[in-house]
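Index from 1, following the sequence. Order of listing sets the numbers, starting from 1, for every ligand and every atom in it. What you see is a predicted model, and the numbers here were worked out from it, not measured in a lab.
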Amino acid sequence: MSEFEKFKVGKPTRTRFNQSCKPFSNVRHVCHISTAINIIQDHKIKPRLITDKSKLRSTRTKVCWLSPNEWGIGYRYGNVSFEFNIDELIDGKNIYWIESIDYDIPACRFLITNEEKPNLKAYKPKLKNGPWWYNQENDTHYFNGYYCLELMLEEEILLDELLKLEFVKHHSSYCARYRTSPKKCNELGSLGAKAGSLFLAKAVTQALDLSLIKDSLLEEKGEVTVNFENALAYLIPGPFSKLEYNNVIDKESDAVKPIVRGILNSLALDEYDEAKELAKLLDSEEKIIETSFKLVAELMEYQDVDKLIESVYEM
Ligand SMILES: [Zn+2]
């Protein structure tokens with residue numbers, strides 16, 4: 001009996017949810033904000049050396065981590081989720097069983113690679129004898145949701161294949177980057193919307209080109225996804241509505257845009273008081289919101305700023 005057989009999927013049910021046999025079509029790579037910005041700049045996810053306990057660690061294999069599991073309790077890998085179609089990722093590649101790791105929820109790991117690895121145990125999802133099953137009859141992948149399915153792709157992933165970019169909750173006590181000292185992580189416990197607003201503020205201050213991944217933030221009809229909308233809603237903090245605006249800078253002035261960029265820079269640096277001081281030079285919260293959304297829309301090459309504002313504030 002192979003090691004993976006003890007994690008075998010259960011029976012799929014038509015009418016109700018079955019944790020031991022969960023269908024999936026997409027997998028996600030989740031990371032911290034700074035890594036996400038690098039990924040977007042490179043337009044690809046680069047494989048990295050494995051840093052935790054794995055038998056592949058000593059072989060210096062470099063992989064990109066992906067998983068279909070969703071963690072309502074929060075992700076220990078960070079706040080930004082890049083989602084891809086599983087069939088696109090595994091097309092024409094070899095799949096090998098690597099190991100199970102005895103975490104609170106055991107992890108079942110597979111290597112997906114273009115190379116032949118005769119020393120590793122080949123895995124055939126079609127056989128339905130382990131935690132990952134591909135049912136040819138209905139062209140659907142399933143995994144055993146009582147375990148964490150971890151896919152290690154030994155290849156870079158181009159963002160051309162990106163389906164969805166989402167902001168997710170970071171776990172409140174575990175962090176994969178700071179395993180032994182999670183409190184060092186600024187994003188620990190941070191909700192998706194809050195992290196998304198921080199991502200957008202940093203994107204503006206770094207002039208990050210979001211045009212190539214624009215579709216991953218929008219619905220098919222060009223509407224903003226709820227997830228992206230929530231991140232925008234947090235971009236300018238609620239207490240800004242109560243500030244005393246001194247109208248030092250006229251709302252038509254060319255100085256408004258650089259000042260709002262400065263506000264976003266202060267927020268990205270967690271310098272909230274500095275952001276407020278800059279804000280008070282302007283005439284209203286509305287002007288700050290409108291201008292900050294314009295700055296985000298510019299990065300995306302998204303034309304309809306009014307639609308962006310309406311979707312969040314219904315002004
Ligand atoms: Zn973290």
**OP:** Answer yes or no: is there an ion pair linking Glu70 with Lys22, defined by an N-O contact shorter than 4.0 Å?
**Re:**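 Answer for the salt bridge query: no.
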**OP:** Tell me, please, which residues at least two apart from Glu298 pass salt bridge (Lys or Arg N to Asp or Glu O under 4.0 Å).
**Re:**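 For Glu298, the residues satisfying salt bridge (Lys or Arg N to Asp or Glu O under 4.0 Å) (neighbours in sequence not counted) are Lys257.
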Original post:
Under a 4.5 Å side-chain heavy-atom rule over Ile, Leu, Val, Met, Phe, Trp and Tyr, are Val168 and Phe199 clustered together?
Top reply: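 No, separate clusters.
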Check: residues 262-281 side-chain donor-acceptor pairs under 3.5 Å, at least two apart:
| from | atom 1 | to | atom 2 | distance (Å) |
| --- | --- | --- | --- | --- |
| Ser266 | OG | Gly262 | O | 3.2 |
| Glu277 | OE2 | Lys280 | NZ | 3.3 |

Show me the donor-acceptor pairs within less than 3.5 Å that the side chains of residues 234-252 make with the rest of the protein, sequence neighbours left out.
| from | atom 1 | to | atom 2 | distance (Å) |
| --- | --- | --- | --- | --- |
| Ser241 | OG | Gly238 | O | 3.0 |
| Tyr245 | OH | Phe240 | O | 2.7 |
| Asp250 | OD2 | Glu252 | N | 2.9 |

Subject >> Pair Tyr142 and Trp132, ring centroids less than 6.0 Å apart >> reply: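 That pair fails the under 6.0 Å test.
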Original post:
By residue and atom, what protein N/O/S atoms are less than 2.8 Å from the Zn ion (ligand 1)?
Top reply: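 As for protein N, O or S atoms lying under 2.8 Å from the Zn ion (ligand 1), they are His32 NE2, His170 NE2, Cys175 SG, Cys185 SG.
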